[in-house]
Amino acid sequence: MEDKLRLALDSIGSIKKDDNLCVVQLREKEHNLLLTFITDQEMGRQLSMRIDGSPAGKFRLHRLLPEVMWESLRGFSDSEDYEMCIESVEGDGEYHTLLHNKIFGGHYDIRLADAVLLQEVSGIPLYIKESLAKSQMFPCSGNRNVTALPLNVMPLDVLEKTLAECIENEDYRTAKRLNDEINKRKSSITKEDQPDEGN
């Protein structure tokens, strides 16, 4: 299997001017790299609850569905029986992540945000393919208020809002890059919606 890097939940933040989305950063410790992605505010809240290290925070979790489900399965399975890996970026701007069953060989698609939550609950390791990490991860900077997010994983509505801001501020070079990504994304969505002519 291709080389891969282990990821851990590092931080959760918000997007300026958008209360419905949050920014999640995963850290690869050995090379001090960050992978950033966007998720909805509810998933951000779920992840925030898991990184609250206080005893009161941990006590609140023991009756929540992910913890209860994992606890009920532990007699049949262990976190070492599984691993998750971010394989690629899909045309819609989502990370393609798989949950692998190392005992039986099966694999299952899982949203990246859910994979991070599952790692926090169960300890199942989350990796990214090293070849993908080279294009999607950035070195940690000292400024925690600035986040690098690759265009190819920005949500379409965020791309469109940012494009409007760039045009308003006459930043046409950035606007062109954003417009190219929007057109590529919409073209990919259109191709997926078209019926297969072979049938």
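Partner of His96 under the side-chain contact (heavy atoms from CB on, under 4.5 Å) criterion, out of Asp109, Val89, Ile86: Asp109 alone. Exactly one of Glu83, Glu130, Glu28 qualifies for a salt bridge (charged side-chain N to carboxylate O under 4.0 Å, His left out) with Lys4. That residue is Glu83. Checking each of Arg185, Lys184, Gln136, Glu181 against Asn152 for a side chain to side chain donor-acceptor pair (under 3.5 Å) leaves exactly one that passes, namely Gln136.
The two residues Gly44 and Thr39 come nearest to each other via the heavy atoms N-CG2, 4.2 Å. Heavy-atom minimum distance, Gln119 versus Leu9: NE2-N, 4.3 Å. Taking both residues in full, the closest heavy atoms of Glu94 and Asp92 are given as N-OD1, 3.0 Å, listed atom of the first, atom of the second, then distance. Between Val116 and Leu126, the shortest heavy-atom distance links the atoms CG2-CD2, 3.8 Å. The heavy-atom pair separating Leu47 from Ala113 by the smallest distance is CD2-O, 4.4 Å. Nearest heavy atom pair, residue Ser79 against residue Trp70, reads N-CZ2, 3.7 Å.
Using a 4.5 Å cut-off on side-chain heavy atoms (C-beta onward), Leu112 and Val24 make no contact. The shortest distance between side-chain heavy atoms of Leu132 and Met137 does not fall below 4.5 Å. Side-chain atoms of Arg45 and Met49, non-hydrogen and from C-beta on, do get closer than 4.5 Å to each other. At a threshold of 4.5 Å between non-hydrogen side-chain atoms, the residues Phe138 and Thr36 do not count as touching. In this structure, the side chains of Tyr82 and Leu118 stay at 4.5 Å or more apart for every pair of heavy atoms. When side chains are defined from C-beta on, Met154 does not count as touching Ile38, because their heavy atoms never get closer than 4.5 Å.
Annotation: side chain to side chain contact (heavy atoms under 4.5 Å, CB included) contacts of Glu67 (sequence neighbours excluded): Arg50, Leu61, Leu64, Val121.
Under a hydrophobic-cluster definition in which Ile, Leu, Val, Met, Phe, Trp and Tyr are linked whenever side-chain heavy atoms come within less than 4.5 Å, directly or via other members, Leu7 and Tyr127 are assigned to different clusters. Note: the hydrophobic cluster containing Leu35 does not contain Leu98 (ILVMFWY, side chain heavy atoms under 4.5 Å, direct or indirect links). A single hydrophobic cluster is not seen to contain both Leu73 and Ile110; linkage of ILVMFWY side chains at heavy-atom distances under 4.5 Å, directly or through other members, places them apart.
With rounding to the nearest 0.5 Å, the separation of CG in Leu178 from CD in Glu160 is 10.5 Å. Atoms CG and OH, from Asn101 and Tyr108 in turn, are 6.0 Å apart once rounded to the nearest 0.5 Å. Taking CD of Glu87 as the reference point, atom CD1 of Ile128 lies at 10.0 Å (rounded to 0.5 Å). For the atom pair Leu149 CG and Leu34 CG, the distance stands at 11.5 Å (nearest 0.5 Å). Rounded to the nearest 0.5 Å, atoms NZ (Lys129) and OG (Ser135) are 12.0 Å apart. Expressed to the nearest 0.5 Å, how far CG of Leu99 lies from CD1 of Ile124 amounts to 6.0 Å.
Hydrophobic clustering, defined by side-chain heavy atoms of Ile, Leu, Val, Met, Phe, Trp and Tyr closer than 4.5 Å, leaves Tyr172 isolated from every other such residue.
A donor-acceptor pair under 3.5 Å is absent between the side-chain atoms of Asn179 and the main chain of Ala175, judged by distance alone. The closest donor-acceptor contact from the side chain of Ser187 to the backbone of Asn183 lies at 3.5 Å or more, if one exists at all. No donor-acceptor pair closer than 3.5 Å links the side chain of Asn169 to the backbone N or O of Asp171.
Atom NE2 of His107 sits in a sparse spot, with 12 or fewer heavy atoms from other residues, nucleotides or ligands closer than 6.0 Å. Dense packing is recorded around NZ of Lys102, with more than 12 heavy atoms of other residues, nucleotides or ligands lying under 6.0 Å away. For Arg111, the CZ atom is densely surrounded, since the number of other residues' heavy atoms within 6.0 Å is greater than 12.
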Worksheet item: What's the verdict on side chain to side chain contact (heavy atoms under 4.5 Å, CB included) for Ile182 and Leu156, showing C-alpha distance, side-chain angles and the deciding distance?
Response: CA-CA 7 Å; Ile182 290 167; Leu156 191 55; 4.1 Å; yes

